[in-house]
Amino acid sequence: MAANNRRMSGKKGAQVGSGGKRRRGLEGKGPTPPAEMRKGHAKQRAAQAKTRRTQTRTQGRRGGKSASELVVGRNPVYEALREGVPASTLYVQQFIDSDERVREALQLAADRGGINLMEAPRPELDRMTNGLNHQGLVLQVPPYEYAHPEDLLDAAADAGEDALIVALDGVTDPRNLGAVVRSVAAFGGHGVVVPERRAAGMTAGAWKTSAGTAARTPVARATNLTRALEQYQKAGAVVVGLAADGEVEIGELAALDGPVVIVVGSEGKGLSRLVGETCDFRARIPMPGGAESLNAGVAAGVVLYEAARRRS
């Protein structure tokens, strides 16, 4: 009776009964999920690892992106805008003392369109540029979308032409990269390949030196340059490395008539050992004037001219 009184009373508190727990317990949990969906199961870990590998291969095929970059200072910003360097945002300091360069930079940004104009206080620009002398103007250059080395062969095939590609080995000056891009565009080449590490990338400086040709000449980034050159060889291209002590002169090299990859090393060290051993030929540029070497941009231009002359 006492128990019944407790159930019937209006007092708040715990009530006698299971609350449906026994009934839900008898209902079961449904069918057992596949092993790939069970947390902690070996098959689930294997499936996740496979997904990560697939994503890595897909990213590698695209070639990847560089990091965004800031161009700092009134003259550098103006020159970058004038030379057509891609830009996403132009930051202008609040209450800036406007001069001719500032007005011209703002006008160029407005004329090009697609560039956000943002006003920011000086402390914010100081923070963005790590205290550099920005003079009230900061231009943000978006990440560069690199091609994959195979894309350059595809471009040649689509055009119905023999591949003409330049690969850079150990070239770390972005201005040299920009100059090579400009020469490749001028002589009908299909692109430039650079290593992913310890090499110049498509920075604002490279864009500027290319004089706008980087917009139509792809730059590919290879995780391993030697392997990329071997893949080109398997596809039927001849790999020619430029070296001061090369066995054959450029003018005597018949390989320039067909699909070819021209490899240019750094001005100081030349080709690295592995890359040099991978080349089918090591060719030299005759220099009657007695100069020891040419920088990468000039050397590539000389050989590209010779290849274009034979193909015309």
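With contacts defined as side-chain heavy-atom distances shorter than 4.5 Å, the pair Leu132/Val138 does not qualify. A heavy-atom distance below 4.5 Å is found between the side chains of Leu106 and Val92. The side-chain heavy atoms of Asp162 and Arg311, taken from C-beta on, include a pair separated by under 4.5 Å. Residues Val141 and Val85 form a side-chain contact, since some pair of their non-hydrogen atoms from C-beta on lies under 4.5 Å apart. In this structure the side chain of Val260 never reaches within 4.5 angstrom of the side chain of Ile165, judged on heavy atoms. Side-chain contact between Val77 and Leu90 is present, with at least one heavy-atom pair separated by less than 4.5 Å. Put simply, the side chain of Ser88 does not reach to within 4.5 Å of the side chain of Asn116, judged on heavy atoms. Val193 has its side chain out of reach of Leu168: every pair of non-hydrogen atoms, C-beta onward, lies at least 4.5 Å apart.
The main-chain N or O of Ala155 is never found under 3.5 Å from a side-chain atom of His190 such that the two would form a donor-acceptor pair. Under the 3.5 Å distance criterion, the side-chain polar atoms of Arg282 are left unmatched by any main-chain donor or acceptor of Glu247. The closest donor-acceptor contact from the side chain of Arg182 to the backbone of Ser210 lies at 3.5 Å or more, if one exists at all. Listed for the Glu69 side chain is no donor-acceptor partner under 3.5 Å among the backbone atoms of Leu139. Distance alone, capped at 3.5 Å, places no donor-acceptor pair between the Thr217 side chain and the Ala214 backbone. At distances below 3.5 Å, at least one donor-acceptor pair connects side-chain atoms of Tyr232 with backbone N or O atoms of Pro149. Using a distance-only test at 3.5 Å, with no hydrogens or angles considered, a donor-acceptor pair links the side chain of Asp280 to the main chain of Val239. The backbone N or O of Ser272 sits less than 3.5 Å from a side-chain atom of Asp169, completing a donor-acceptor pair. Although no hydrogens or angles enter the test, the distance criterion places no donor-acceptor pair under 3.5 Å between the side chain of Arg101 and the main chain of Gly73. Under a 3.5 Å cut-off, the side chain of Asn176 and the backbone N or O of Asp173 do not form any donor-acceptor pair.
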Hey, mind stepping through Leu108 and Arg82 against side-chain contact (heavy atoms from CB on, under 4.5 Å) and telling me if it holds? CA-CA 7 Å; Leu108 284 171; Arg82 190 182 67 172; 4.2 Å; yes
Check against salt bridge (charged side-chain N to carboxylate O under 4.0 Å, His left out), Arg74 and Asp99: CA-CA 9 Å; Arg74 298 186 182 189; Asp99 62 7; 2.9 Å; yes
Leu81 and Ile115: side-chain contact (heavy atoms from CB on, under 4.5 Å), yes or no, with the steps? CA-CA 10 Å; Leu81 289 169; Ile115 300 177; 3.8 Å; yes
Just do the side-chain contact (heavy atoms from CB on, under 4.5 Å) check on His134 and Gln93 with the steps written out, would you? CA-CA 9 Å; His134 51 73; Gln93 181 183 312; 3.5 Å; yes
Do Val263 and Val240 pass the side-chain contact (heavy atoms from CB on, under 4.5 Å) test, and can you show the C-alpha distance, the side-chain angles, and the key distance before you say yes or no? CA-CA 6 Å; Val263 189; Val240 177; over 6 Å; no
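Taking CG from Leu242 and SG from Cys279, the interatomic distance works out to 8.5 Å, rounded to the nearest 0.5 Å. How far CD of Glu196 is from OH of Tyr146: 9.5 Å, rounded to the nearest 0.5 Å. Interatomic distance, OG1 of Thr172 versus CG of Leu177, reported as 11.0 Å (0.5 Å rounding). In this structure, CD on Glu124 lies 8.0 Å from OH on Tyr91, to the nearest 0.5 angstrom. Taking CG from Leu125 and CG from Leu137, the interatomic distance works out to 9.0 Å, rounded to the nearest 0.5 Å. Atoms CD and CD1, on Glu306 and Ile285 in that order, are 10.5 Å from each other to the nearest 0.5 Å.
Hydrophobic cluster membership is shared by Val181 and Val166, with clusters built from Ile, Leu, Val, Met, Phe, Trp and Tyr side chains linked at under 4.5 angstrom. In this structure, Ile96 is not a member of the same hydrophobic cluster as Met118, with clusters built from ILVMFWY side-chain heavy atoms closer than 4.5 Å. Hydrophobic cluster membership is shared by Met202 and Val192, with clusters built from Ile, Leu, Val, Met, Phe, Trp and Tyr side chains linked at under 4.5 angstrom. Linking Ile, Leu, Val, Met, Phe, Trp and Tyr whenever their side-chain heavy atoms come within less than 4.5 Å puts Leu256 and Leu294 in one cluster. In the hydrophobic clustering of ILVMFWY residues, with side-chain heavy atoms under 4.5 Å counting as a link, Phe187 and Val219 come out together.
What you find for Ala255 and Phe281 is that their closest heavy atoms are CB-CE1, 4.3 Å. In terms of heavy-atom proximity, Ala300 sits nearest to Val264 at CB-CG2, 4.2 Å. Nearest heavy atom pair, residue Ala80 against residue Val71, reads CB-CG1, 4.4 Å. Considering all non-hydrogen atoms of both residues, Thr203 and Pro174 come closest at OG1-CB, 3.3 Å. Summarising the geometry of Leu253 relative to Ala283, their closest heavy-atom pair is CD2-CB, 4.2 Å, with the distance given to 0.1 Å.
For Glu230 and Lys234, the salt-bridge test fails: no basic side-chain N is under 4.0 Å from an acidic carboxylate O.
Using modelled atom types and a 3.5 Å distance limit, the side chains of Glu79 and Asn75 yield no donor-acceptor pair.
The number of heavy atoms from other shown groups lying within 6.0 Å of CZ (Arg227) does not exceed 12. Within a 6.0 Å sphere centred on CD of Glu252, heavy atoms belonging to other residues, nucleotides or ligands number more than 12.
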